[in-house]
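The next block holds one structure in the form of structure tokens; read it before the comments.
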Amino acid sequence: MIDNEQMISKIYKIIEDSKEKVNKDYYRLNYHIMPPVGFLNDPNGFIQINGEYHLFYQFNPFYPEDKKVCWAHLKSTDLITWEWLPIALLPIEWYESHGCYSGSAVNNNGIFTLIYTGNVKNSMGVRETYQCLAESKDGINFKKYIDNPVIYNQPEGYTRHFRDPKVWKHNNLWYTVIGAQTEKKQGTTLLYSSIDLVKWTKIGELDSLMKDFGYMWECPNLFTIDHKDVLLFCPQGVKLKGDLYNNIYQCGYFIGKIDYETGKFTHEEFLEIDRGFEFYAPQVTVDDSGRTLMVGWIGLPDEENSETKENNWMHCLSIIRELYIKDNKLCQRPIKEMELLRKKLIQYNDLKINSDNFELPNNGDSYEMICDFVFEDDVVFGLKLRSKDGTDGINLYYDSKNEKIAFDRENIVSAKRETRKCYIRNNRKLKLHIFMDKSSIEVFVNDGQETFTARIYPDKKSNGIFIFCKNGNVAVNIKFWNII
Ligand code: FRU
């Protein structure tokens, strides 16, 4: 069996050997977290501790030849500039031989503690699942708990799809939610409590009103915001329904109230957290200033097509977003710190658009842009981004009559156009706040009432920004900043 040192030196050799190839890839991002080589998926262990933010992610440096998922580790003081630290968890021990899967981080009386799932495929090819701890005194080196695992496989009535512990403290007790599947192949979440993170007592299944909502729920987060409890999770196996649930797997939330004694969770309907093509496995933390922060993976499990694969790397994380509740919905705004990235402001006031394609004089592939539209009639208007001549690129438009906003792009495999849509009430105005970064786009609609997140692979010369309006007039104020 390979030990820590051997695995580390193998990983650093892969990073070194691929450096040139990876770095010359046009689609490398300017201000998003991405792997130095190999495969990135879920963000993990997001926490502010001793004044510093730490963020980990699922990292398989051996992709595509082999799958050995580690926890990459980064830290930051401003959530913008991230320092790469030694890999925190390597899949070395018997209880994690097939990967240190997703989990979270807590401050346990000054001890920085990670709680994660050890994934094992045993010699019969059968999955085993172990919840484990790792601790650090210096915030850099993590030692696996000597009596790991702390939860040994799944409880009765559930399958081995049992993973992704998210831990938090409530009234002096630790709690965790864990993604699960019942023996009847229904997705759910289990709630546990503990006084010491070591001995865990099952409270029960979060009593969902939706018993039949997919076959597995991954990556649950449970948090309180604005006196409301939110369960944010990723159900798999939910069937498409009109504009809803169009991606291979979903990511969304229930707002409600949890009874910590019984685990009963009373809640409202499921809402998707993002309306774009790729947003998954978000991790939520509350920082020292009381902000509820979220970061997600701009990718989806089982979708491994990317222009970057041939250059030995794949995927990135989203920008960090702040969550807040408005009209009983979870809304998102880019964190204030994003402003640190802004270059010179370019501004257009009261541009009147009544034609097919108005091209802005500026352009780019890495920028922030805020467009405030006002309109009177039943109009269809919007933006074409990363466009060469106004006929191609990303199409982001609002249909005021049908009260729908749409986002469309070219499918990476079929090259056909594909669309995601959602309802936005016609208020005679619309705000689009866009973060473009080479091969990613994040759109905050009306201060994050809805968001659209996706990876895109435009030609590097496709940098134009066009505004269009069909059958009517719109006026728009624009603020634009290049980033980097
Ligand atoms: C979600 C997920 C988690 C798992 C991890 C493995 O993307 O499947 O459920 O812990 O990825 O990398």
Side-chain angles (χ1 to χ4, degrees), residues 33-35 38-46 55-64 66-73 87-91 95-105 114-121 127-134 149 151 153-154 158-167 176-181 185 187-190 214-222 231-238 247-252 273-274 277-284 294-304 306 313-318 453 455:
I33 292 171
M34 56 187 170
F39 196 94
L40 165 154
N41 53 304
D42 316 354
N44 293 149
F46 190 21
L55 181 55
F56 305 78
Y57 61 80
Q58 292 280 286
F59 175 42
N60 176 20
F62 306 100
Y63 181 83
D66 201 358
K67 188 172 175 194
K68 292 225 177 296
V69 183
C70 313
W71 276 40
H73 183 191
I87 295 168
L89 301 176
L90 295 163
Y95 50 77
E96 57 187 16
S97 56
H98 290 70
C100 297
Y101 273 14
S102 283
S104 49
L114 309 179
I115 310 94
Y116 65 101
T117 300
N119 181 55
V120 173
K121 279 264 164 74
R127 186 191 291 266
E128 296 171 11
T129 176
Y130 301 108
Q131 312 312 316
C132 306
L133 304 179
I151 301 179
N153 278 319
Q154 80 283 18
Y158 300 89
T159 75
R160 296 225 168 140
H161 285 288
F162 179 63
R163 57 179 170 267
D164 310 335
K166 178 74 169 63
V167 180
T176 185
V177 276
I178 303 183
Q181 179 181 62
K185 305 276 188 294
T188 187
T189 303
L190 289 176
Y215 55 77
M216 170 64 190
W217 292 4
E218 294 190 313
C219 302
N221 288 256
L222 202 136
L231 178 69
L232 173 64
F233 64 104
C234 298
Q236 300 190 316
V238 178
N247 295 334
I248 176 173
Y249 303 127
Q250 316 313 321
C251 178
I273 185 94
D274 191 275
F277 292 93
E278 285 101 11
F279 189 80
Y280 200 76
Q283 172 108 170
V284 171
M294 177 180 79
V295 56
W297 170 31
I298 312 188
L300 286 169
D302 304 327
E303 283 197 350
E304 296 187 8
S306 163
W313 73 282
M314 262 179 89
H315 297 310
C316 66
L317 298 183
S318 70
T453 304
R455 289 301 293 283

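By convention here, the first residue in the shown sequence is residue 1. All ligand and atom numbering here is 1-based and tracks the order in the structure. Just so you know, these numbers use all the heavy atoms, side chains as well, and skip hydrogens, waters and symmetry mates.
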Starting from [atom], locate the nearest protein heavy atom and write down its residue, its atom name and how far away it is, to 0.1 Å.
atom: atom 6 (C) of ligand 1; answer: Q58 OE1, 3.2 Å
atom: atom 1 (C) of ligand 1; answer: D42 OD2, 3.0 Å
atom: atom 8 (O) of ligand 1; answer: E218 OE2, 2.9 Å

Element-labelled atoms of ligand 1 that are located less than 4.0 Å from some non-hydrogen atom of [X]:
X: S102; answer: 5 (C), 10 (O)
X: N41; answer: 5 (C), 6 (C), 7 (O), 11 (O), 12 (O)
X: W297; answer: 7 (O)
X: D164; answer: 3 (C), 4 (C), 9 (O), 10 (O)
X: Y280; answer: 1 (C), 7 (O)

| query | Just by distance, with hydrogens left out, do N44 and Q58 show a side-chain donor and acceptor under 3.5 Å apart? | reply |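 Side-chain D/A pair, N44 to Q58: present.
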
| E278 (side chain) donor-acceptor with R455 (main chain) under 3.5 angstrom |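 The answer is yes, because a donor-acceptor pair under 3.5 Å joins these two groups.
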
| Heavy-atom closest contact (Q131 atom, T129 atom, distance) |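 Result for this residue pair: NE2-OG1, 3.5 Å.
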
| ring-ring contact (aromatic ring centres under 6.0 Å, His included) partner of W217, chosen from Y249, F162, F233 |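 Result for ring-ring contact (aromatic ring centres under 6.0 Å, His included) with W217: F233.
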
| field | Residue of the set R127, Q154, Q181 for which side-chain hydrogen bond (donor to acceptor under 3.5 Å, both in side chains) holds with T159 | value |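 The residue from R127, Q154, Q181 that satisfies side-chain hydrogen bond (donor to acceptor under 3.5 Å, both in side chains) with T159 turns out to be Q181.
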
| query | Taking the inter-plane angle between the rings of Y280 and W297 on a 0 to 90° scale, is it parallel (under 30°), tilted (30 to 60°) or perpendicular (over 60°)? | reply |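 Aromatic pair Y280/W297 classed perpendicular.
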
